[in-house]
> 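The structure follows.
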Protein chains: 2
Amino acid sequence: MKNVNIRALARELNLSLSTVSKALRDSYEISAATKERVRALAAEWNYIPNAYASSLRGRKSKNIAVVLPEVADSFFSIAINGIEAAVKAKGYHVIIYLTHESYAGEAAILKDIQSGRVDGVLLSVSRETTDTAHVQELMDKDVPVVFFDRVLETLAAPKIVTDDAESAYKATAHLIAQGCREIAYLGISDSLSICRQRMAGYMQALGDHQLPVHQRNMLTCTTDGARNFQLVKKLLQRTHRPDGIVASVEKLTTTVYQACRQLQLRMPEDVKLTCFSNLEIATILQPSLTTITQPAFEMGKAAAEVLVKMLEKKPLTAKDIRIVIPSELVVRESSSRQHK
Amino acid sequence: MKNVNIRALARELNLSLSTVSKALRDSYEISAATKERVRALAAEWNYIPNAYASSLRGRKSKNIAVVLPEVADSFFSIAINGIEAAVKAKGYHVIIYLTHESYAGEAAILKDIQSGRVDGVLLSVSRETTDTAHVQELMDKDVPVVFFDRVLETLAAPKIVTDDAESAYKATAHLIAQGCREIAYLGISDSLSICRQRMAGYMQALGDHQLPVHQRNMLTCTTDGARNFQLVKKLLQRTHRPDGIVASVEKLTTTVYQACRQLQLRMPEDVKLTCFSNLEIATILQPSLTTITQPAFEMGKAAAEVLVKMLEKKPLTAKDIRIVIPSELVVRESSSRQHK
DNA sequence: CTGAAAGCGCTAACAC
DNA sequence: GTGTTAGCGCTTTCAG
């Protein structure tokens with residue numbers, strides 16, 4: 001019972017290939033009786049159509065690529081859930097590609113993707129990515145691309161983002177309201193859309209509250225955890241040490257907590273912290289962590305839905321071109337003493 | 001310049017299809033000069049072979065399926081990194097399937113996979129899975145399957161696991177050494193290989209230290225976080241409340257910390273906790289969390305390597321059939337007051 | 001209502 | 001060294 005294909009079914013039933021094929025696809029051309037016979041045997045023999053033959057013929061693979069910087073990060077892993085939720089019912093399969101935050105890796109992946117292996121791409125670019133040619137090339141081949149979270153603004157593809165600038169503004173304003181006057185911003189890239197936006201929101205908030213923007217308070221972290229730890233420690237050892245921190249990425253949570261502990265700085269008394277993070281565990285840290293929680297699941301879901309629309313050749317509305325799903329500032333103890 | 005295929009290249013170069021094909025695959029039959037011409041044009045036109053045509057022909061897709069309960073879990077997301085690392089160099093693509101801990105979902109996925117979409121499968125079964133027929137069916141179709149972490153012992157497929165029983169034993173013995181006499185075990189399934197093993201190790205340790213095994217101390221948690229919280233709280237409110245906990249799964253960390261806090265129980269003074277977890281953030285919890293850290297990356301990598309071996313028809317050695325990579329007990333404050 | 005045949009893009013016998 | 005051809009499994013005109 002190996003390799004059951006349409007030919008085998010046809011032979012067994014004394015029908016032609018095309019009749020069987022049509023019966024299986026429930027064509028109106030085929031009589032109910034024949035359909036029943038075909039379906040019965042197909043079920044009995046456990047016939048499963050060969051995905052590649054269909055793909056080759058129809059030039060659609062029912063695969064979508066999800067290109068991510070990394071997967072061991074709660075934002076991205078939750079986003080994958082959203083993507084999967086949106087896509088499963090439509091019969092699409094999710095191929096995960098990891099760039100490991102490398103531009104070269106990203107370019108290689110997008111190249112590989114041109115093999116027709118996938119029908120469309122969900123993309124969140126690496127922190128190194130500034131050039132857009134590799135994505136443009138894919139789009140030129142009519143492979144639908146939808147950006148989510150980390151976008152390339154100049155490209156004409158739908159973008160699903162959160163309100164990075166606004167939420168960084170809110171977080172910064174919150175720290176100011178809590179009495180901070182020397183607030184640091186920790187980014188992970190100077191080019192990345194989300195980091196620029198968040199930094200812009202941070203700077204705007206300082207400006208609106210008549211606080212100076214100091215270069216010394218804006219740190220760009222690396223992918224090297226140990227090095228980041230040194231950078232943050234140095235920041236917190238300065239004479240005019242920051243009394244507030246807006247960290248733009250989850251990975252830095254551990255770094256800041258450890259640095260504070262080593263330097264015997266108390267949170268929130270000496271330093272107040274807010275962090276872009278989706279870690280559920282934020283609530284049980286001590287102090288519990290004030291987070292800007294991104295709508296990871298919703299963003300993944302929305303991005304996948306727009307992509308599916310494109311794959312189904314449905315017209316995109318203006319709303320689909322840029323979807324902004326707000327993040328939520330959840331104030332906890334790390335930024336607010338009075339918080340219970 | 002759309003749809004560059006071999007035919008187009010052949011036409012342009014006044015060569016036949018097969019000559020071009022052979023040239024691109026660097027066949028010894030083709031002259032160096034021709035190869036050069038072909039390669040030059042292929043590069044210029046940015047020719048990328050159609051993955052489906054090759055797959056259909058050669059009956060290999062260069063895709064592997066990774067079937068997981070969930071992805072928003074540090075063990076699995078790190079394991080994906082290991083898988084990706086092992087597989088990327090070999091040119092394989094990773095398709096992620098999520099069962100969401102559902103047997104029905106798992107069975108549906110394995111069915112879908114029979115379409116030939118993938119060359120092999122890495123599988124970590126859902127907590128509901130007890131039946132093996134769905135996996136057996138796949139193996140009967142000669143789709144190579146490799147289990148990792150959560151295995152089905154009765155099936156004749158390679159298994160990559162950690163030393164669940166031993167590490168649970170170590171964790172339990174550690175708690176006993178710290179003075180615990182009423183130790184609870186929190187599982188998530190009565191059937192899952194890892195939970196049975198861990199529970200066995202726990203019971204063995206109790207026995208070896210002349211402590212009774214009480215049914216009341218063995219809790220099976222659900223997928224419902226709120227309900228788990230109630231269960232754990234109730235456990236900790238008992239007259240003879242446990243003074244130690246071995247939690248078999250990362251998700252329960254938050255639950256236990258919150259329950260302790262709400263009940264004003266101090267860790268480690270009132271309750272000592274060890275948890276199977278790969279959370280980096282464990283170090284900055286207060287108290288910092290004693291973990292049994294699983295070799296997630298290594299397990300994913302090893303599993304993928306064995307699968308690739310099978311796909312390449314290389315013989316498996318006895319060692320490949322069952323690989324056990326030890327976990328590490330990292331003692332921190334949640335189980336040991338004297339820990340700095 | 002059913003069947004014959006072409007063709008998706010590629011590879012590998014098998015000629016020449 | 002190069003070319004011709006068959007065929008992987010499926011879908012879809014187009015004929016009957």
Side-chain angles (χ1 to χ4, degrees), chain A residues 1-39 41-42 45-63 91 112-119 141-142, chain B residues 1-39 41-42 45-63 91 114-119 141-142:
Chain A
M1 202 148 325
K2 287 283 303 298
N3 271 343
V4 181
N5 57 21
I6 283 196
R7 173 177 274 107
L9 294 176
R11 206 147 33 203
E12 175 78 8
L13 294 166
N14 268 317
L15 288 170
S16 75
L17 292 185
S18 51
T19 304
V20 173
S21 174
K22 285 173 190 166
L24 290 170
R25 331 198 89 240
D26 203 22
S27 162
Y28 66 95
E29 298 178 282
I30 306 296
S31 72
T34 306
K35 278 184 192 169
E36 205 26 69
R37 282 179 64 213
V38 172
R39 274 202 278 257
L41 188 70
W45 282 12
N46 191 23
Y47 165 73
I48 293 177
N50 180 302
Y52 291 113
S54 322
S55 295
L56 179 56
R57 183 101 228 299
R59 15 190 79 299
K60 53 189 173 12
S61 64
K62 283 285 183 178
N63 288 155
D112 180 281
I113 278 176
Q114 293 182 33
S115 63
R117 199 173 281 280
V118 301
D119 299 336
K141 294 233 170 178
D142 286 337
Chain B
M1 203 149 324
K2 288 283 301 299
N3 272 343
V4 181
N5 56 21
I6 282 196
R7 173 176 275 109
L9 295 177
R11 206 149 32 206
E12 176 77 8
L13 293 167
N14 268 318
L15 289 170
S16 75
L17 292 184
S18 55
T19 305
V20 175
S21 174
K22 287 172 188 162
L24 290 170
R25 330 199 89 239
D26 204 22
S27 161
Y28 65 96
E29 298 177 283
I30 306 297
S31 73
T34 306
K35 280 183 191 168
E36 205 26 69
R37 281 180 63 215
V38 172
R39 275 202 277 258
L41 188 69
W45 282 11
N46 191 23
Y47 165 74
I48 295 177
N50 180 302
Y52 291 113
S54 323
S55 295
L56 178 57
R57 183 105 229 300
R59 16 192 77 298
K60 53 188 173 13
S61 64
K62 283 287 185 177
N63 288 154
Q114 293 182 32
S115 64
R117 198 173 282 281
V118 301
D119 299 336
K141 294 234 171 177
D142 287 335

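Naming convention: chains lettered A, B, ... in sequence-line order (proteins, then strands); numbering from 1 in each chain. Here the structure is a predicted model, which is why all the values come from computation and not from measurement.
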> Could you list the donor-acceptor pairs under 3.5 angstrom formed between side-chain atoms of residues 10-19 of chain A and any protein atom two or more places apart in sequence or on another chain?
| from | atom 1 | to | atom 2 | distance (Å) |
| --- | --- | --- | --- | --- |
| S16(A) | OG | S18(A) | N | 3.4 |
| S16(A) | OG | S18(A) | OG | 3.1 |
| S16(A) | OG | T19(A) | N | 3.2 |
| S16(A) | OG | T19(A) | OG1 | 3.0 |

> Which residues satisfy the salt bridge (charged side-chain N to carboxylate O under 4.0 Å, His left out) test with E29(A), sequence neighbours excluded?
K22(A)

> dT2(C) P sits how many Å from L24(A) CG, rounded?
13 Å

> Starting at CD of Q114(B), measure out to CG of N46(A) and round the result to the nearest 0.5 Å.
5.0 Å

> Is it the case that more than 12 heavy atoms not belonging to R39(B) sit under 6.0 Å from its CZ atom?
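Correct, the count exceeds 12.
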
> Can you list the residues that meet the side chain to side chain contact (heavy atoms under 4.5 Å, CB included) rule with K62(B), with sequence neighbours excluded?
R117(A), Y92(B), H93(B)

> Between atom CZ in R11(A) and atom P in dT2(C), what is the gap in whole Å?
20 Å

> Mind checking what makes side chain to side chain donor-acceptor pair (under 3.5 Å) contact with N50(B), not counting sequence neighbours?
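Testing N50(B) for side chain to side chain donor-acceptor pair (under 3.5 Å), a comparison that skips the adjacent residues, returns none.
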
> Does the K35(B) side chain pair with the main chain of S27(B), one donor and one acceptor, at a distance under 3.5 Å?
yes

> Please report the distance, rounded to the nearest Å, between CG in D26(B) and P in dT11(C).
13 Å

> Describe, as an angle rounded to 10 degrees, how the axis at the first end of the helix from dC1(C)-dG16(D) to dC16(C)-dG1(D) is tilted relative to the axis at the last end, five pairs per end.
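Result, rounded to 10 degrees: 50°.
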
> For R37(B) and dG1(D), what is the distance between atoms CZ and P respectively, to the nearest whole Å?
15 Å

> Once you round it to whole Å, what is the distance between C1' of dG9(C) and CG of L9(B)?
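The distance from CG of L9(B) to C1' of dG9(C) comes to 12 Å, rounded to the nearest Å.
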
> Verify the contact: side-chain N or O of T34(A) to OP1 or OP2 of dC1(C), cut-off strictly under 4.0 Å; return yes or no.
no

> Reading nucleotides 10-16 of chain D from the 5' end, what letters show protein touch, with B for base, S for backbone sugar-phosphate only, - for no heavy atom under 4.0 Å?
BBBBB--

> Rounded to whole Å, how long is the line connecting atom OH of Y52(B) with atom C1' of dC8(C)?
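From Y52(B) OH to dC8(C) C1': 13 Å.
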
> Please determine whether side-chain contact (heavy atoms from CB on, under 4.5 Å) holds for the pair I6(A) and Y47(A), giving the CA-CA distance in whole Å, both sets of side-chain angles, and the decisive distance to 0.1 Å.
CA-CA 8 Å; I6(A) 283 196; Y47(A) 165 73; 3.3 Å; yes

